[in-house]
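Let me begin by presenting the structure, written as structure tokens, before commenting on it.
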Amino acid sequence: MSFPEFVSDLAIPPQEYHRQLREWSGWMRKHQPVVYNEATAEWVVFRYADVVRVTSDYAVFSSEGTVIKDASDQKQGTSIIEMDPPQHQRMRSLVTQAFSARTISALAPQIKQITNDLIDRTISKGKMDWMVDFAHPLPVIVIAEMLGLPRDQWPHFKAWTDSIINRSPDSEQAAQSLMGFFIQAVETRRQHPGQKDILSLLIESEVDGQHLSQEDLLSFCSTLLIAGNITTTTMLGNAIMCLDEHPEAIDRLRQHPEAIPTAVEEILRYMPPFRAGPNDLLRGRLVKTDVQLGDQWIRKGEKVQVNRIAANFDERQFPDPNSFDVERTPNRHQSFGHGVHFCLGAPLARLEVAIALETMLERFQSIQLLHDKPLEQMPSLLIFCAKELPMTFQAA
Ligand code: HEM
């Protein structure tokens with residue numbers, strides 16, 4: 001089959017798009033849970049159990065070749081996203097500690113400070129664009145500081161990584177600029193070693209007694225910078241869209257701020273940052289041996305893509321999946337993936353969004369998302385969020 005046109009239609013306002021996607025995914029889960037999409041030449045699975053299986057069983061569903069490279073990417077090394085064990089484990093273990101829940105929780109005061117600084121810039125105006133003024137800068141500043149890159153350069157990092165993800169006409173140029181920047185930053189650290197940032201950690205790391213090759217080092221850095229900002233920005237925006245659709249949830253969180261961590265999980269479940277349709281950045285898993293999924297046989301060499309939003313609304317896993325419940329527990333959504341590739345940055349993303357929500361509730365008595373013009377989607381086939389979220393607020 002081919003997916004309906006709306007799945008790749010970036011002109012539909014985001015909340016309406018999301019509604020249509022939920023409805024269609026529900027139909028697919030029920031009637032065609034494992035389907036071959038001719039447009040992408042990939043199988044797609046829609047049920048929770050199949051999504052978990054495909055992302056857990058790496059011996060059958062390999063991550064090899066999942067990152068689609070354009071001409072400018074060819075010189076790059078391999079990203080951990082496209083590695084299988086044991087190589088994957090060796091690379092991931094280099095940064096596990098730097099991204100552990102414990103290390104990340106120590107960053108809370110720094111993240112709170114950046115959050116307050118960003119809000120200070122708009123507080124007297126009574127209005128802001130949540131994306132432009134807040135959701136774009138926060139995650140990119142945080143990950144840049146973790147990597148040891150200069151904070152004031154964040155607009156460049158943001159522009160380059162957005163261009164790469166959106167496959168904009170200048171994406172090759174952006175990838176070259178980003179690489180040029182990292183080459184310079186690596187060179188500076190080689191001349192002045194000993195700094196306590198992730199870039200220095202990776203330069204000094206060894207795998208099987210050898211330092212990382214320059215290509216693998218650069219690839220790791222750009223994976224962290226890209227993965228560490230775009231998805232969290234998206235989620236910060238999607239949080240506002242969820243709360244706009246469910247204003248009773250804001251009242252609930254004001255009365256029970258201790259529910260913010262479960263609200264973060266529900267936002268992730270309900271409006272995950274990744275789209276489910278065809279895109280030109282990430283392919284599905286590569287099938288290593290003939291395998292049966294549902295009532296379909298998938299042959300060695302074919303690809304399987306997982307539809308995480310469909311899994312997140314699977315009624316076999318989530319009671320009353322269409323209701324947005326900020327106190328939902330348990331909530332084992334698939335938005336951070338599953339298995340060995342489970343999102344390395346999950347503790348960081350969770351902390352940033354929780355601090356953003358907590359600060360927003362502290363500093364704004366009320367917020368109103370403006371709908372005088374229809375909202376627009378971000379021009380990306382990989383991620384789902386709004387391009388701009390203009391809003392007014394009453395400062396507390
Ligand atoms: C709400 C925000 C985020 C979401 C929804 C998200 C989602 C995901 C998902 C679904 C995967 C699994 C991909 C797969 O199975 O192929 C993943 C992996 C990854 N994420 Fe995140 N992510 C987020 C934030 C972050 C942040 C802040 C970082 C920080 C660096 C990060 C770094 C990574 C890395 C490095 C991987 C690859 C892990 C591996 O292959 O072992 N992510 N993420």
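Order of appearance sets the numbers: ligands from 1, and atoms from 1 within every ligand. Here the structure is a predicted model, which means the values were calculated and not measured.
Counting only heavy atoms of the protein, atom 1 (C) of ligand 1 lies nearest to M235 SD, 3.5 Å. In this structure, the protein non-hydrogen atom closest to atom 12 (C) of ligand 1 is H341 O, 3.4 Å. In this structure, the protein non-hydrogen atom closest to atom 15 (O) of ligand 1 is R285 NH2, 3.0 Å. For atom 38 (C) of ligand 1, the closest heavy atom belonging to the protein is R92 NH1, 3.4 Å. Looking only at heavy atoms of the protein, atom 27 (C) of ligand 1 is closest to T232 OG1, 3.5 Å.
A salt bridge is absent between R121 and D133: the closest approach of a Lys/Arg side-chain nitrogen to an acidic carboxylate oxygen does not fall below 4.0 angstrom. The pair D120-R363 meets the salt-bridge criterion, since a charged nitrogen lies less than 4.0 angstrom from a carboxylate oxygen. In this structure, E358 pairs ionically with K112, as a charged nitrogen and a carboxylate oxygen lie closer than 4.0 Å.
Ligand 1 is never approached by R350 to a heavy-atom distance shorter than 4.0 Å. The shell of residues lying under 4.0 angstrom from ligand 1, judged by heavy atoms, excludes T66. At least one heavy atom of R308 sits under 4.0 Å from some atom of ligand 1.
Between C221 and L202, the shortest heavy-atom contact is SG-CD1, 4.4 Å. Between I80 and M91, the shortest heavy-atom distance links the atoms CG2-CB, 3.4 Å. V7 and P278 make their closest contact through CG1-CD, 4.4 Å (heavy atoms, listed as atom of the first residue, atom of the second, distance). Between R189 and L147, the shortest heavy-atom distance links the atoms NH2-O, 4.2 Å.
With sequence neighbours left out, the salt bridge (Lys or Arg N to Asp or Glu O under 4.0 Å) criterion links E302 to no other residue.
Below 4.0 Å from some heavy atom of P273 lie the following atoms of ligand 1, by number and element: 5 (C). Close contacts of ligand 1 with S335, meaning ligand atoms under 4.0 Å from a residue heavy atom, involve 5 (C), 7 (C), 10 (C). Every atom of ligand 1 is numbered from 1 in the order shown, and the set under 4.0 Å from a heavy atom of I81 is 37 (C), 40 (O). Atom numbering of ligand 1 starts at 1 in the shown order; those under 4.0 Å from a heavy atom of F99 are 29 (C), 30 (C). Here is the list of ligand 1 atoms found below 4.0 Å of a heavy atom in V340: 41 (O). Listed by number with element, the atoms of ligand 1 under 4.0 angstrom from any heavy atom of I80 are 38 (C), 39 (C), 40 (O), 41 (O).
Cation-pi geometry between R92 and F220 is not met: the NZ or CZ atom fails to fall both under 6.0 Å from the ring centre and inside 45° of the normal. Figure legend: R275 and Y17 shown as a cation-pi pair, the cationic atom lying under 6.0 angstrom from the six-membered ring centre and within 45 degrees of its axis.
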Pair N307, R29 - check side-chain hydrogen bond (donor to acceptor under 3.5 Å, both in side chains), show working. CA-CA 10 Å; N307 185 321; R29 241 180 357 257; over 6 Å; no
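Among the atoms of E352, none of the N or O lies under 3.5 angstrom from an N or O of ligand 1.
Note on atom 21 (Fe) of ligand 1: protein N, O or S atoms under 2.8 Å away count 1, no waters included.
Under 4.0 Å from ligand 1, the heavy atoms of H88 that appear belong solely to its side chain.
Transitive grouping of hydrophobic side chains (ILVMFWY, heavy atoms separated by less than 4.5 Å) keeps F318 and L268 in distinct clusters.
Taking the centre of each ring, F61 and W43 stay at or above the 6.0 Å mark.
Of the candidates E265, H18, R328, R22, Y270 forms a side chain to side chain donor-acceptor pair (under 3.5 Å) with just one, namely R22.
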